[in-house]
Amino acid sequence: MNKEELKQLNTTALAYMGDAVYEQFIREHILTKGGTDVNKLHRISTMYVSAPAQAKIIKSLFDDLSEEEQKLVKRARNRKYHTKAKNADPVTYKWATAMEALVGYLYLSHDMQRLTWLCEQAVAIIER
């Protein structure tokens, strides 16, 4: 997909992809730190991939995003959702979904340098 097609894509679809990409990045990050207990690895990963964590990340990085990225985040955050979050209030859920949409957008636009920057910043924010 080219950038114009991606800009028109439903932000929920971008978040769907971004959720998978971000989860994989986090799993790889955690595995490189060592450990093989899957239950422990899952508990650790939730520190990074929970709605509150993702909302914190995107809010912290918002001013460092390009104008194009900020527009996408706002569009995703302001989208009306027909599902309820299980473990987050609606505002936190919207911010978290906006982060996932940005990850999905960067991945599908093949901007791996920017995607890596975003994920590395996310890890740094959570590990502070």
In sequence, state the C-alpha distance, the side-chain angles, and the governing distance for Ile57 and Tyr22, and then conclude on side-chain contact (heavy atoms from CB on, under 4.5 Å).
-> CA-CA 12 Å; Ile57 292 162; Tyr22 182 63; 3.4 Å; yes

Intermediate values then yes/no, side-chain contact (heavy atoms from CB on, under 4.5 Å), Val73 and Trp95 = CA-CA 8 Å; Val73 167; Trp95 275 104; 4.1 Å; yes

Residue pair Glu28, Gln24: steps toward the side-chain hydrogen bond (donor to acceptor under 3.5 Å, both in side chains) verdict | CA-CA 6 Å; Glu28 289 179 19; Gln24 180 179 352; 3.0 Å; yes

Step by step, work out the side-chain contact (heavy atoms from CB on, under 4.5 Å) result for Val123 and Cys119.
-> CA-CA 6 Å; Val123 167; Cys119 291; 5.8 Å; no

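In the hydrophobic cluster analysis, where Ile, Leu, Val, Met, Phe, Trp and Tyr join through side-chain heavy atoms closer than 4.5 angstrom, Met99 is grouped apart from Tyr16.
Listed by first then second residue, pairs satisfying side chain to side chain donor-acceptor pair (under 3.5 Å) with a partner in residues 107-118 read Glu69-Arg114, not counting sequence neighbours.
Between Ser60 and Ile125, the shortest heavy-atom contact is CB-CD1, 3.7 Å. Minimum interatomic distance between Asn10 and Arg79 (heavy atoms only, all atoms of both residues): ND2-NH2, 2.9 Å. Glu100 and Asp19 make their closest contact through OE2-OD1, 3.2 Å (heavy atoms, listed as atom of the first residue, atom of the second, distance). Smallest separation of non-hydrogen atoms from Ala53 and Ile126: CB-CD1, 3.7 Å. Nearest heavy-atom pair across Ala88 and Ala51 is CB-CB, 3.6 Å.
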Expected list for residues 38-46: side-chain donor-acceptor pairs under 3.5 angstrom, two or more places apart:
residue : atom : partner : partner atom : Å
Ser45   : OG   : His42   : O            : 2.8
Thr46   : OG1  : Arg43   : O            : 2.6

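Separating the CZ atom in Arg77 from the CG atom in Leu72 is a distance of 11.5 Å, to the nearest 0.5 Å. To the nearest 0.5 Å, the span separating CD1 on Ile26 from CD on Gln54 amounts to 8.5 Å. Remark: Arg27 CZ to Glu23 CD distance equals 4.0 Å, nearest 0.5 Å. Rounding to the nearest 0.5 Å gives a distance of 11.5 Å between CG of Leu14 and OG1 of Thr97.
When the side chain to side chain donor-acceptor pair (under 3.5 Å) test is applied to Glu5, no partner is found at least two apart in sequence or on another chain. For Gln121, the side chain to side chain donor-acceptor pair (under 3.5 Å) criterion is met by no residue, not counting sequence neighbours. Residues satisfying the side-chain contact (heavy atoms from CB on, under 4.5 Å) test with Gln70, not counting sequence neighbours, are Phe62, Leu65. The ring-ring contact (aromatic ring centres under 6.0 Å, His included) test applied to Tyr48 returns His29, not counting sequence neighbours.
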